[in-house]
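Structure first, then comments.
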Number of protein chains: 2
Amino acid sequence: MSSLQEVARRAGVSKATASRALSGAAHVSPAARERVATAASELGYVVSSTASSLVTGRTKNVGVITPFINRWFFAEVLEGIEGALIRAGYDLTLFRLPSEPEQRSRLFHYFLVRKRVDAIVCLGVALTPAEVELIHTLRRPAVGIGGAIPGLPTMSIDDVEATRLATRHLIGLGHRRIVHVGGDLGEQMDFEVHARRLAGFRSAMEEAGLDCEGAFRATTFSVPGGYESALALLADPAIRPTAIVAGCDEIAIGVITAARELGILVPSELSVVGIDDHPYAPMFGLTTVRQVPGEQGEKAAEMVVRALADATDPLEPVASEIPIRLVVRRSTTAPPGVQSVR
Amino acid sequence: MSSLQEVARRAGVSKATASRALSGAAHVSPAARERVATAASELGYVVSSTASSLVTGRTKNVGVITPFINRWFFAEVLEGIEGALIRAGYDLTLFRLPSEPEQRSRLFHYFLVRKRVDAIVCLGVALTPAEVELIHTLRRPAVGIGGAIPGLPTMSIDDVEATRLATRHLIGLGHRRIVHVGGDLGEQMDFEVHARRLAGFRSAMEEAGLDCEGAFRATTFSVPGGYESALALLADPAIRPTAIVAGCDEIAIGVITAARELGILVPSELSVVGIDDHPYAPMFGLTTVRQVPGEQGEKAAEMVVRALADATDPLEPVASEIPIRLVVRRSTTAPPGVQSVR
DNA sequence: CTGAAAGCGCTAACAG
DNA sequence: CTGTTAGCGCTTTCAG
């Protein structure tokens, strides 16, 4: 509405001084600074971010690309990113990556490159080498979450190690008939998460000399997916596994729900291990390989913000992979009183 | 990187013609248009959105304010909004509304007003009259979701009616000992959702001449919340209710999980009705009062986009309340074979 | 410490 | 149909 010009006039100074006073950076006499401040607040002045972006080349805005918004892991990371960005004075522009390749490149070129964002956070998106190069050409800091992207700093768990850990945990408990209910290899996510988690399971099984034949059930990466799959898998008591490694906690929760519905006692008759540390884990007595998505988002956002702050000129991102430490977290099982009621 | 100037030079036309050719609006000779197009693509040119925003006054960007990102209903609406916006060529800038009042007003003035957004979608946020006035002053189209905001078009379900419907449904089934497990009135959401849903429950109970005394359990609006609450509520078979009206589907799912853990058969020994039509509803055999959050988001986004398109100048929003139709949706109960296994 | 002036990259009249 | 000319609102040298 009201421009810097008006503020300056009202304060009896020039636009330049008003600008300096407001931005707080340069040296302005206390008196002038004061007058400008009151003038601005009286007029309800706020800088036009477009105008200031045009001249500074910085938008104070970070773009986040993600394939999903309403899936627990992604939404959680998103909240973490959002918090860190707002704290640092950055806005967050959200792009959901379409699955169709041409749509995808349209998004990249049309929406992302228009000088709309100072930096980019890629959540669960494996950028192609060409896309990474584009980001480098644009000299925009970028960081990935959920899998390694060559040429970009990324943070992610080791998906192979996660299921390996889970599987070893179950083997250590004495289980021999273990099945992996994981993501359908056909509807692969980026970074081949499904395949990598399956690989970790296989590796642990083979290392223990156990047979993997038919020990994998493919499903959707969701609670209903795990439920449907387990309903079929657990129906026949004769061939039922004694333990399940779920592809993620959501699948695990579905599996446990199905098991309970079938009258199978968890964990005495069936042990289930998931991955992610979903908030519902405790109420399902779910043991899980822990990762904290919100923290990952926060860290990633802090990284790009730091890069933005450090760099006089937009910074060349350093390539490196930041691993997330994995731990098996055993949920406290339901209170004994509850168990006995059954 | 490369500017319009360079494109123009390469195509042998003026900046103005290049601009017209690229934006596609005005009349440009096919030959010139062609030359500009190839020049632009050879140079990998993309408009600087900041520069173009500065002169047009439009950012092609819509702000979305929401208190939560990682809660099913909100994330779902968000996806709907995102889809509709991207389709219309708008970006989405996401603001999570802090709960602290001063932070909130800071967000409003500092982030939202800086000419960063062409329009605003308020999701689950009850704007104050002052905030609405500010939006009107800015002449920005705005629409609310989740509750009525005087002075703004809003879309929401009737929260009172939702629980009333749910409660009547249970009463119709012959239930008399019905409890409402709903949101804690202390940690109120905007629009007094918790209180309104409780009111609907009470109204239906009283209308049927049933006693509401002690028939309300306050909890968190979440699956674990419903679970914890139900564990206590259902522990004693002697005083256990035969039906529960949950404040939302997430609570309902928690309740059902607790019931199953306690060995209570659902729905034969305990009927539960939720609100929202959560994707897990079918696997829990949950009957629910249906609303489709994704569609609400889509519609809201389409409304602001239309307002933006219709208006030569940013449009004065029309105040009106768009109700969402409510229906009780009975989930198919689990397959009979499964029931008998128990 | 402060003011004048020169643009940032683009679009929108206004003449040709 | 196309080129010229002004700015949009701000920051930033560069002189005072």
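Computed from heavy atoms alone, side chains included, the values below leave out hydrogens, waters and symmetry copies. Order of the sequence lines fixes the chain letters, A, B, ..., with proteins taken first and strands second; residue numbering starts at 1 for each chain.
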Study note, to complete from the structure: Between its two end axes (five pairs each) the helix from C:dC1-D:dG16 to C:dG16-D:dC1 turns, nearest 10 degrees, through 30°

Review point. Taking NE2 from B:H27 and P from D:dC1, how many angstroms apart are they, rounded to a whole number?
Key: 6 Å

Exercise for review: Could you state the atom-to-atom distance from CG of A:L22 to P of C:dT2 in whole Å?
Suggested key: 14 Å

Exercise for review: Can you measure from SG (B:C122) to CD1 (B:I135) and round to the nearest 0.5 angstrom?
Suggested key: 5.0 Å

Check your understanding: Roughly how far apart are A:L4 CG and A:R9 CZ, rounded to 0.5 Å?
Key -> 11.0 Å

Study note, to complete from the structure: A:L54 CG to D:dC8 C1', in whole Å, measures 9 Å

Exercise for review: Could you give me the CA-CA distance, side-chain angles and deciding distance for B:H136 and B:L152, then say whether side-chain contact (heavy atoms from CB on, under 4.5 Å) is met?
Suggested key: CA-CA 9 Å; B:H136 282 180; B:L152 242 47; 3.8 Å; yes

Exercise for review: Show your working on side chain to side chain donor-acceptor pair (under 3.5 Å) between B:T17 and B:S14 and close with a plain yes or no.
Suggested key: CA-CA 5 Å; B:T17 304; B:S14 70; 3.2 Å; yes

**Study point:** Nearest-Å distance for atom pair CZ/C1', residues A:R9 and D:dG9
**Key:** 13 Å

Point to revise | Distance, rounded to the nearest Å, where A:R116 contributes CZ and C:dG9 contributes P | key: 17 Å

Could you go through nucleotides 11-16 of chain D and list every protein N or O atom that sits under 3.5 Å from one of its N or O atoms, giving the distance for each pair?
| unit_1 | atom_1 | unit_2 | atom_2 | d |
| --- | --- | --- | --- | --- |
| D:dT11 | OP2 | A:S19 | OG | 2.7 |

Point to revise | More than 12 heavy atoms from other groups under 6.0 Å of CD on B:E192 | key: no

Exercise for review: Mind running side chain to side chain donor-acceptor pair (under 3.5 Å) on B:T50 and A:T50 for me, showing each step along the way?
Suggested key: CA-CA 5 Å; B:T50 59; A:T50 58; over 6 Å; no

Practice item. Give, for atom CZ of B:R10 and atom CD of B:E42, the distance between the pair rounded to the nearest 0.5 Å. Key: 4.5 Å

Practice item. Specify the separation, in whole Å, of atom CD of B:Q5 and atom C1' of C:dG7. Key: 13 Å

Study note, to complete from the structure: In numerical order, the residues of residues 30-41 of chain B whose heavy atoms come under 4.0 Å of DNA chain C are none

Check your understanding: Taking NZ from B:K60 and C1' from C:dT11, how many angstroms apart are they, rounded to a whole number?
Key -> 15 Å

Review point. Distance from B:R104 atom CZ to B:T128 atom OG1, nearest 0.5 Å?
Key: 6.0 Å

Point to revise | Donor-acceptor contact below 3.5 Å, side chain B:E6 vs main chain B:S3 | key: yes

Revision key, fill the gap. Testing C:dC1, D:dT4, D:dC1 for proximity to the side chain of B:S14, the answer is D:dT4

Review point. For B:I157, does its backbone N or O pair with a side-chain atom of B:Q291 as donor and acceptor, under 3.5 Å?
Key: no

Review point. Do any N or O atoms from the side chain of A:D118 and from the backbone of A:K60 form a donor-acceptor pair under 3.5 angstrom?
Key: yes

